[in-house]
Amino acid sequence: MENLLLTPGMLGIDSPTVGWLIQLAVAGLLLALLLVAADAESVPSARTACLGRAIVGHGTRCRAVGHVTAFAIGIFGYVALVAVLDRFWSATVIGALLIILLWAGNKLKVAILKEPLVFSDVFLAGHAFKYPRLYFGYAPKWIWPVLGVAVILLIGLVAREEPIGVLLPVRGLALFLLMGVVWAVHEWSRLPSRSLRCFLEKHPLSFLANRDAVRYTPLGAAFLHIVWHSRYRMEIRKSFQYEAANPSAVEPNAGRRHVMLVQAESFCSLGKKLNRPSVTSFIDSIANVGRGGSLSLDWRGAYTMRSEFAVLTGMSPEAVESYGFDPYRLAALIPMQSMARTMKKRGYRTIAWHPNDGRFFDRNLVMPNLGFDEFWDLKKLRTVYGERLSLMGRYVADSVLLALAAEYLAQCREPTFLFVITMEAHGPWHADNFSGADRISEEERYEAHLCSLDRGVRSVAHAINSGKLDGVMFLYGDHIPGLRALDDPACLADPTAANTEWILLGSELPNATMPEVLRPEEVSEFLLRMSSTTFYK
């Protein structure tokens with residue numbers, strides 16, 4: 001038996017034995033298999049994943065790439081933990097907890113947003129810690145003390161456990177080799193090669209989060225998206241970069257009406273979805289006379305930037321491939337063609353308003369890259385309007401914001417395209433959101449914000465009808481709210497479950513039949529077509 005012992009000279013371990021190595025190998029293997037099982041269990045169900053688009057071509061053969069990915073990540077992660085901590089039980093317990101947290105986080109996201117974790121979510125981590133209420137506010141409150149106790153116990157475990165005894169140079173070498181594997185995979189994915197091309201051809205991607213996760217598992221889809229992004233991101237940037245052919249060619253602007261495009265946060269017709277009385281009587285009255293319809297979406301409860309990007313650029317998020325999960329990452333890097341640029345060519349001044357931190361989703365970089373002359377965030381709006389910018393709940397009231405927008409346009413001498421991004425109805429809708437919120441249901445708290453939106457739309461209509469504002473307004477919801485009531489099986493079974501609404505407001509609009517359903521990428525074409533003939537005096 002002594003002949004089986006490994007000496008310190010061989011591995012740099014004090015009194016090492018084959019038994020220790022077997023323990024480490026078995027623990028790593030079990031954690032890797034646990035991650036495989038957690039990833040497989042996280043595949044979205046057909047009911048959760050469809051959201052209006054059929055999912056085809058999935059099976060165990062396709063999911064093998066996910067299982068291999070999960071297994072490799074499990075082994076890789078455990079070796080890294082052992083190398084860093086030099087402790088058996090600490091590395092094993094922390095590895096198991098990280099897998100459980102990943103599984104729970106995926107479950108939470110699917111429960112709220114009906115979409116699994118995607119690779120680009122890691123880039124939102126900075127926003128999550130800057131604005132924790134917007135991200136972590138949906139998690140159950142009991143989770144925070146549990147996590148706090150778990151962290152304290154883990155610190156105690158690491159402090160009390162005796163080190164395995166692996167020499168620091170050996171642990172450093174292990175980490176170096178792990179980083180070498182990462183580098184090798186990155187170089188393989190970054191450089192054109194026949195093996196890479198064949199691999200990607202055998203694993204085609206839709207760049208729809210649910211569809212790819214169903215086909216390859218969430219971790220398999222994330223790996224494929226990362227490989228694609230590493231190989232093609234520069235080509236994608238080059239392909240979509242805007243280059244002005246003749247920036248001086250601007251059409252005459254005489255007689256043009258102002259155009260207000262409003263992205264209403266979390267706006268949808270809750271009455272239609274839950275068969276309850278509507279609280280947006282004025283908005284409904286516009287839609288009922290043929291000046292409104294449905295906006296068909298593939299996401300729900302979040303990802304405002306996908307709707308925003310699609311509406312402004314006329315491109316679906318998946319059109320920009322691996323950037324499509326968070327298309328503003330691309331728009332923050334390069335100038336892009338957009339509705340704002342087209343309106344500028346037609347003689348419009350272009351401005352965007354958003355009553356929130358301008359750095360959120362990098363809008364301070366995105367809006368100039370999409371051709372807006374000015375971007376007014378919360379700081380700028382407060383500088384201009386001061387105390388008039390009152391709140392409803394935690395955010396600037398939609399009724400106030402839209403009334404100020406109408407007032408601002410009425411004072412503009414040149415035709416102006418104003419894009420307004422509202423904030424008031426953003427969840428979560430907790431009992432402390434506003435006075436009296438603790439005495440009503442979650443749906444009623446949300447509807448209180450819709451009432452404010454309805455008053456804002458009414459004020460814009462009054463400004464138009466009274467002649468104070470010569471303009472039109474197009475309003476749409478960026479996504480449905482993440483309300484628990486909308487998780488009802490009957491609601492989820494509806495193929496239009498993720499749809500929001502849109503309306504068009506203005507005087508002397510044509511009698512032509514409006515589309516009943518629009519995709520967000522069709523909005524800009526619809527408005528630009530209308531503006532060619534309608535948005536004139």
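In this text the structure is predicted, and so the values were computed from the model without any measurement.
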With sequence neighbours excluded, tell me which residues meet ring pair (Phe, Tyr, Trp, His ring centres under 6.0 Å) with F240.
none
Output every pair passing ring-ring contact (aromatic ring centres under 6.0 Å, His included) with a member in residues 480-502, not counting sequence neighbours, ordered by first then second residue.
F474-W502, W502-F526
D377 vs K379, test: salt bridge (Lys or Arg N to Asp or Glu O under 4.0 Å). Steps then yes/no.
CA-CA 6 Å; D377 61 1; K379 183 178 180 181; over 6 Å; no
E265: salt bridge (Lys or Arg N to Asp or Glu O under 4.0 Å) partners, not counting sequence neighbours
none
Atom pair CZ (R349) and CD (E374), whose distance is rounded to the nearest 0.5 Å
4.5 Å
Who passes side-chain contact (heavy atoms from CB on, under 4.5 Å) against A340, sequence neighbours left out?
S338, T350, F372, F417
Taking ring pair (Phe, Tyr, Trp, His ring centres under 6.0 Å) as the test, write out the residues that go with W228, two or more places apart.
F207, Y232
Checking T280 now: which residues fulfil side chain to side chain donor-acceptor pair (under 3.5 Å) with it, not counting sequence neighbours?
S278, D284
Measure the CG-CG distance between L219 and L102 for me, rounded to the nearest 0.5 Å.
6.0 Å
Could you list the residues that satisfy salt bridge (Lys or Arg N to Asp or Glu O under 4.0 Å) with R237, not counting sequence neighbours?
none
For Y328, check ring pair (Phe, Tyr, Trp, His ring centres under 6.0 Å) against everything at least two apart and list the hits.
none
Which is it for D298 and R519 under the side-chain contact (heavy atoms from CB on, under 4.5 Å) test, yes or no, and what are the steps along the way?
CA-CA 10 Å; D298 298 320; R519 295 279 303 171; 2.9 Å; yes
With salt bridge (Lys or Arg N to Asp or Glu O under 4.0 Å) as the criterion, how do D487 and K114 come out once you've worked through the C-alpha distance, each side chain's angles and the decisive distance to 0.1 Å?
CA-CA 9 Å; D487 290 336; K114 305 299 175 285; 2.6 Å; yes
Quick check: do L333 and Q241 have side-chain heavy atoms less than 4.5 Å from each other?
no
Distance col, row L365:CG vs I334:CD1, nearest 0.5 angstrom, shows 13.0 Å
Closest non-hydrogen atom pair between L486 and P481, with its separation:
CD1-O, 3.4 Å
Using 30° and 60° as the class boundaries, would you call the ring planes of F434 and H449 parallel, tilted or perpendicular?
perpendicular
State which residues pass side chain to side chain donor-acceptor pair (under 3.5 Å) with K273; sequence neighbours excluded, sorted by chain then number.
none
Using ring pair (Phe, Tyr, Trp, His ring centres under 6.0 Å) as the criterion, list what pairs up with F199, not counting sequence neighbours.
W188, H203
In this structure, CD1 of I480 is separated from CH2 of W299 (nearest 0.5 Å) by 12.5 Å
Interatomic distance, R363 atom CZ to I421 atom CD1 [nearest 0.5 angstrom]
4.5 Å
Got more than 12 heavy atoms from elsewhere within 6.0 Å of CG, N288?
yes
At their closest point, which heavy atom of A331 faces which heavy atom of M336, and how far apart are they?
CA-SD, 3.8 Å
For R276, all residues meeting salt bridge (Lys or Arg N to Asp or Glu O under 4.0 Å), sequence neighbours excluded:
E443, E447
With A397, which residues qualify under side-chain contact (heavy atoms from CB on, under 4.5 Å), at least two apart?
M392, S399, V400, E424, S452
With a 6.0 Å cut-off (strictly less than), is the heavy-atom count around CD of E516, excluding the residue itself, greater than 12?
no
